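The model shown is predicted, which means the values in this text are computed figures rather than measured ones.
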Amino acid sequence: MPGAVKVFGSPSSAEVARVLACLFEKDVEFQLIRVDSFRGAKRMPQYLKLQPHGEALTFEDGNVTLVESRKIIRHIADKYKNQGNPDLIGTGALERSSIEQWLQTEAQSFDVPSADMVYSLAYLPPTTQLDGAAGGKQPTADGARCEDEQQDGRDRQYSRQGQGGAGAGAGGGGRDGQMNAAHRQKVEEMQQLFEKSRKELSKVLDIYEQRLEEAEYLAGDKFTLADLSHLPNADRLAADPRTLRMLQSRRNVSRWWADISGRESWKHVKSLNRPPSAEAPF
């Protein structure tokens with residue numbers, strides 16, 4: 001029944017984007033009800049009844065309500081197997097087993113380090129380069145500290161000029177010092193997270209590189225849920241030059257990413273991303 005499928009969430013969420021890509025692949029009509037998870041009490045009452053804790057995603061299909069994206073795409077691919085892309089979940093037991101294996105690999109080995117890398121890069125200087133790529137260098141804790149110490153000096157000078165004297169600026173400088181010390185600590189933490197995640201993800205991508213030497217896609221020679229599930233986080237890696245290199249430096253992974261990211265379903269998902277309107281009701 002048209003309109004029976006509803007997706008509550010924002011297309012900018014990786015969980016929501018994964019579900020939307022699957023719906024487009026299967027040609028399933030759905031209603032996207034945009035929910036800004038940062039708006040707290042302004043969220044839709046009907047959404048809060050479904051998700052009182054305000055999770056990023058809620059999916060309704062008739063009497064079925066689900067909140068985990070990978071369970072949702074399995075549900076979509078199975079229930080709507082006779083429409084849209086027929087290959088997403090496979091046909092025989094062997095195909096399904098292979099798809100499930102790579103779905104588990106994405107969820108358990110790819111998802112966390114890729115998400116952590118994207119998160120950590122938001123805190124690191126834009127000059128951060130991966131694997132010593134040309135055009136910059138890997139930031140160190142000392143480098144971040146030096147940069148912050150220079151900023152400390154600028155802040156203290158601005159404080160003295162703005163408040164009319166060194167005495168007035170001293171108090172502000174103290175507070176600035178505390179704030180910059182906290183910033184330095186955060187940068188160092190994010191640098192450690194970045195390095196840990198990079199090493200973990202590199203191992204996973206090396207496995208992918210070997211697998212994609214043997215097959216066009218992860219689960220075989222057809223695009224399936226195993227590939228689709230990678231789209232949201234891999235897209236974020238590809239959007240930053242500092243992490244794009246991880247995909248481009250592996251010939252088979254690079255070919256695979258160019259293929260799956262160019263699918264019409266994913267282009268449709270990306271077209272749905274738009275800045276939240278201040279006048280939006282939720």
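Shown here are the salt bridge (charged side-chain N to carboxylate O under 4.0 Å, His left out) partners of D116, two or more places apart in sequence or in another chain: there are none. Residues forming a side chain to side chain donor-acceptor pair (under 3.5 Å) with D78 (at least two apart in sequence, or on another chain): none.
Within the 4.5 Å cutoff, the side chain of L121 has no heavy atoms near those of the M190 side chain. At a threshold of 4.5 Å between non-hydrogen side-chain atoms, the residues F194 and L124 count as touching. Contact check for V19 versus F30: no side-chain heavy atoms found under the 4.5 Å cut-off. Counting heavy atoms from C-beta on, the side chains of H75 and V64 come closer than 4.5 Å. Taking 4.5 Å as the limit, every side-chain heavy atom of E264 sits out of range of all side-chain heavy atoms of E25.
Among all heavy-atom pairs drawn from A14 and N233, the shortest one is CB-OD1, 3.7 Å. A pairwise comparison of heavy atoms in P232 and A17 identifies CG-CB, 4.2 Å as the closest pair. Nearest heavy-atom pair, Y217 versus L212, reported as atom, atom and distance to 0.1 Å: C-CD2, 3.7 Å. Residues M117 and R198 approach most closely at SD-CA, 3.8 Å, considering heavy atoms. Summarising the geometry of A21 relative to L231, their closest heavy-atom pair is CB-CD1, 4.5 Å, with the distance given to 0.1 Å. Smallest separation of non-hydrogen atoms from A77 and L225: CB-CD1, 3.9 Å.
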From CA spacing to verdict: side chain to side chain contact (heavy atoms under 4.5 Å, CB included), F223, L88: CA-CA 7 Å; F223 176 84; L88 288 189; 3.9 Å; yes
Evaluate the criterion side chain to side chain contact (heavy atoms under 4.5 Å, CB included) for residue pair R96 and E100; output intermediate values, then yes/no. CA-CA 6 Å; R96 289 195 174 212; E100 190 61 35; over 6 Å; no
For salt bridge (Lys or Arg N to Asp or Glu O under 4.0 Å), just list the numbers for R250 and D206, CA-CA rounded to whole Å, side-chain angles, deciding distance to a tenth of an Å, and then say yes or no. CA-CA 8 Å; R250 295 167 172 85; D206 286 343; 2.9 Å; yes
Determine, step by step, whether I72 and C22 satisfy the side chain to side chain contact (heavy atoms under 4.5 Å, CB included) criterion, reporting the C-alpha distance in whole Å, the side-chain angles of both residues, the deciding distance to 0.1 Å, and the verdict. CA-CA 9 Å; I72 295 170; C22 188; over 6 Å; no
Verdict with supporting geometry, V16 and V7, side chain to side chain contact (heavy atoms under 4.5 Å, CB included): CA-CA 8 Å; V16 175; V7 180; 4.1 Å; yes
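Atoms CG and NZ, on D61 and K79 in that order, are 3.5 Å from each other to the nearest 0.5 Å. Of the inter-residue distances, the one linking L205 atom CG with M246 atom CE reads 5.0 Å to the nearest 0.5 angstrom. Within the model, atoms CG of N273 and OG of S10 stand 6.5 Å from one another, a figure rounded to the nearest 0.5 Å. Within the model, atoms OG1 of T224 and CD1 of I99 stand 4.5 Å from one another, a figure rounded to the nearest 0.5 Å. Atom CH2 of W266 and atom CD1 of I260 lie 9.0 Å apart (nearest 0.5 Å). A distance of 6.5 Å separates CG of L57 from CD of E15, quoted to the nearest 0.5 Å.
Using a 4.0 Å cut-off between a side-chain N of Lys or Arg and a carboxylate O of Asp or Glu, D111 and R70 qualify as a salt bridge. Looking at E106 and R18, a side-chain N of the basic residue comes within less than 4.0 Å of a carboxylate O on the acidic one, giving a salt bridge. The pair E216-K222 does not count as a salt bridge, with every side-chain nitrogen at least 4.0 angstrom from each carboxylate oxygen. Under 4.0 Å is where a charged nitrogen must lie from a carboxylate oxygen, and between K196 and E200 at least one such pair does. With respect to the salt-bridge test (charged N to carboxylate O, under 4.0 angstrom), the residues K270 and D235 qualify. Salt bridge E188/K186: absent, no basic N to carboxylate O contact under 4.0 Å.
With hydrogens and angles disregarded, no donor-acceptor distance shorter than 3.5 Å links the side chain of T91 to the backbone of D87. Within the 3.5 Å criterion, the main-chain N or O of D240 finds a donor-acceptor partner in the side chain of T243.
Side chains of D27 and Q83: no donor on one and acceptor on the other come within 3.5 Å. Between the side chains of S254 and Q248, no donor-acceptor pair of N or O atoms lies under 3.5 Å. For the 3.5 Å distance criterion, the side chains of S114 and R236 fail to qualify, holding no donor opposite an acceptor.
More than 12 non-hydrogen atoms from other residues, nucleotides or ligands lie less than 6.0 angstrom from CD of Q104.
Between W257 and H230, the ring center distance fails the sub-6.0 Å criterion. Remark: aromatic rings of W102 and Y208 are close, center separation under 6.0 Å.
The aromatic rings of H268 and F24 sit tilted, their planes meeting at an angle between 30° and 60°.
By the rule that hydrophobic residues join a cluster once side-chain heavy atoms approach within less than 4.5 Å of another member, L193 and V112 end up as members of separate clusters.
Annotation: cation-pi geometry not satisfied between K26 and Y80 (NZ/CZ under 6.0 angstrom from ring centroid, within 45° of ring axis).
Judged as a salt bridge (Lys or Arg N to Asp or Glu O under 4.0 Å), not a single pair has a partner in residues 223-233 (not counting sequence neighbours).
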